[in-house]
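Atoms within each ligand, like the ligands themselves, are counted from 1 in listed order.
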Amino acid sequence: MEAVLVPFVFVFIALILQAGEVKSNAEEEALTSLRNSLADPNNVLASWDPTLVTPCTWFHITCNSDNRVVRLSLYENKIEGTIPADIGNLTKLMALDLRANSISGTIPPSLGQNLQSLTFLGLEDNRLTGQVPHELGNIPNLKFLNISNNNLCGFLPIELLRVPTLDWSNNPGIGKVCP
Ligand SMILES: *[C@@H]1O[C@H](CO)[C@@H](O)[C@H](O)[C@H]1NC(C)=O
Ligand SMILES: *[C@@H]1O[C@H](CO)[C@@H](O)[C@H](O)[C@H]1NC(C)=O
């Protein structure tokens with residue numbers, strides 16, 4: 001009986017390991033896509049080595065016990081460039097901290113669409129433009145959203161008003177139609 005079960009157990013374990021690996025590789029690809037769309041004059045992303053099995057040992061990344069990325073923190077690092085839609089593939093992310101850099105471009109809608117575990121989103125003190133995507137209003141447990149000191153425009157999605165800590169100050173275009 002046991003001798004019959006053993007091969008099945010091995011196959012099962014192999015499948016679990018493979019599933020785990022596929023997931024962390026997808027997150028590694030999403031982070032590599034982010035890195036490729038950023039300029040990093042201070043080389044703070046130098047440890048982001050895509051040949052490692054998971055991104056969990058990279059600096060500025062925190063994972064949970066399942067090796068899924070839950071925190072990405074690049075506060076005040078003189079980073080330029082844009083946020084790619086692939087950031088939405090970090091589906092377990094709880095905190096995204098890009099505060100105080102020189103990031104430009106728009107806020108990708110995928111951020112609100114796919115990052116349903118986000119509680120902290122710090123985008124203040126950058127050079128973001130365009131409309132605040134209404135998808136951000138769909139993140140169920142968002143507790144902190146600061147988009148202050150950017151060049152965002154348009155009307156703030158009404159759903160955002162339930163976010164306990166919300167700061168959109170110093171965006172001269174907010175409340176006006178985008179040019
Ligand atoms: C992110 O997910 C989308 C949808 O599954 C996929 O098309 C895209 O290739 C992924 N991006 C990366 C960088 O893996
Ligand atoms: C949002 O960011 C701005 C700019 O750094 C800061 O002055 C403000 O205190 C922040 N707001 C909140 C609610 O933390």
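Contact atoms of ligand 2 toward Asn146: 1 (C), 2 (O), 3 (C), 8 (C), 10 (C), 11 (N), 12 (C), 14 (O) (distance under 4.0 Å to a heavy atom of the residue). Proximity to Asp125 (heavy-atom distance under 4.0 Å) selects the following atoms of ligand 2: 4 (C), 5 (O).
The pair Asp66-Arg68 does not meet the salt-bridge criterion, since no charged nitrogen lies less than 4.0 angstrom from a carboxylate oxygen.
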Could you give the N/O to N/O pairs under 3.5 Å linking ligand 1 and the protein, each with its distance?
from, atom 1, to, atom 2, distance (Å)
ligand 1, 2 (O), Asn89, OD1, 3.1
ligand 1, 2 (O), Asn89, ND2, 2.4
ligand 1, 11 (N), Asp86, OD1, 3.0
ligand 1, 11 (N), Asn89, ND2, 3.0
ligand 1, 14 (O), Glu29, OE1, 3.1

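Here's the thing with Asn149: none of its N/O atoms is less than 3.5 angstrom from an N/O atom of ligand 2.
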Trace of the side-chain contact (heavy atoms from CB on, under 4.5 Å) decision for Leu166 with Leu161: CA-CA 7 Å; Leu166 171 68; Leu161 298 181; 4.1 Å; yes
Report the C-alpha distance between Leu45 and Phe59 in whole Å, list the side-chain angles of each, state the deciding distance to 0.1 Å, and finish with yes or no for side-chain contact (heavy atoms from CB on, under 4.5 Å). CA-CA 7 Å; Leu45 305 178; Phe59 289 163; over 6 Å; no
Show your working on side-chain contact (heavy atoms from CB on, under 4.5 Å) between Val177 and Phe155 and close with a plain yes or no. CA-CA 7 Å; Val177 175; Phe155 296 95; 4.1 Å; yes
Using side-chain contact (heavy atoms from CB on, under 4.5 Å), reason through Ile107 and Leu152 one step at a time and then give a plain yes or no. CA-CA 9 Å; Ile107 302 172; Leu152 298 161; 4.1 Å; yes
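Counting only N and O atoms by type, the side chains of Asn101 and Asn77 include no donor and acceptor under 3.5 Å apart.
By the 4.5 Å heavy-atom criterion applied to side chains, Leu34 and Leu90 are not counted as neighbours.
Counting heavy atoms under 4.0 Å from ligand 2, residue Thr165 touches it through the side chain alone.
Asn171 and Ser148 make their closest contact through ND2-CA, 3.9 Å (heavy atoms, listed as atom of the first residue, atom of the second, distance).
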